[in-house]
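Everything on this sheet refers to the single structure shown next.
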Amino acid sequence: MIYLIFTTEGFNEAKAIILEDEADLWVNDDVLSNAQRDELSAANINVNILPENANPKNEKSVLSALKHVEQQVPKTEIFVEYL
């Protein structure tokens, strides 16, 4: 299972579920602090940074980020943050 998160608020809302599910995480570069990255690493959560920051208010940008993740990890359930 993968969580595709674009905002700090979205991460804060999904954090408990991500930790519980031990899900992989794909995020915009500016979403997590170093302390949050360390916490997730300690919990064995794989954190991946999107190659380009996606605009969560732009459907085309969200779909582009989703397509990138699907190409990296095909046939995996992906939960996507939508605003």
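All figures in this text were calculated on a predicted structure; none of them were measured in a lab.
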[X] side chain vs [Y] backbone, donor-acceptor pair below 3.5 Å:
| X | Y | result |
| --- | --- | --- |
| Glu81 | Leu4 | no |
| Asn58 | Lys60 | yes |
| Asn53 | Asn28 | no |

message: Please tell me whether Leu19 and Val27 are part of a single hydrophobic cluster in this structure, the criterion being side-chain heavy atoms less than 4.5 Å apart.
response: yes

task: Rounded to the nearest 0.5 Å, what's the gap from CD1 on Ile17 to CE on Met1? Could you check?
output: 9.5 Å

field: Gap between atom OG1 of Thr7 and atom CG of Asn12 - 0.5 Å precision
entry: 8.5 Å

message: Do Phe11 and Ile18 have side chains that approach each other closer than 4.5 Å (heavy atoms only, starting at C-beta)?
response: yes

Contact check, side chains of Ile2 and Trp26, non-hydrogen atoms, under 4.5 Å: yes

message: Would Asp21 and Tyr3 count as a side-chain contact (heavy atoms from CB on, under 4.5 Å) here? Give the steps.
response: CA-CA 10 Å; Asp21 291 344; Tyr3 282 78; 3.2 Å; yes

Stepwise side-chain contact (heavy atoms from CB on, under 4.5 Å) test for Phe79 and Ile5: CA-CA 8 Å; Phe79 292 93; Ile5 305 291; over 6 Å; no

Which side-chain N or O atoms in residues 61-77 pair as donor and acceptor under 3.5 Å with protein atoms at least two apart or in another chain?
{"residue": "Ser61", "atom": "OG", "partner": "Asn55", "partner atom": "N", "Å": "2.7"}
{"residue": "Thr76", "atom": "OG1", "partner": "Pro74", "partner atom": "O", "Å": "3.4"}

field: Glu13: salt bridge (Lys or Arg N to Asp or Glu O under 4.0 Å) partners, not counting sequence neighbours
entry: none

Can you give each donor-acceptor pair under 3.5 Å made by side-chain atoms of residues 37-46, sequence neighbours left out, with the distance rounded to 0.1 Å?
{"residue": "Arg37", "atom": "NH2", "partner": "Asp29", "partner atom": "O", "Å": "3.1"}
{"residue": "Glu39", "atom": "OE1", "partner": "Lys15", "partner atom": "NZ", "Å": "3.0"}
{"residue": "Glu39", "atom": "OE2", "partner": "Lys15", "partner atom": "NZ", "Å": "3.1"}
{"residue": "Asn46", "atom": "ND2", "partner": "Asp24", "partner atom": "OD1", "Å": "3.1"}

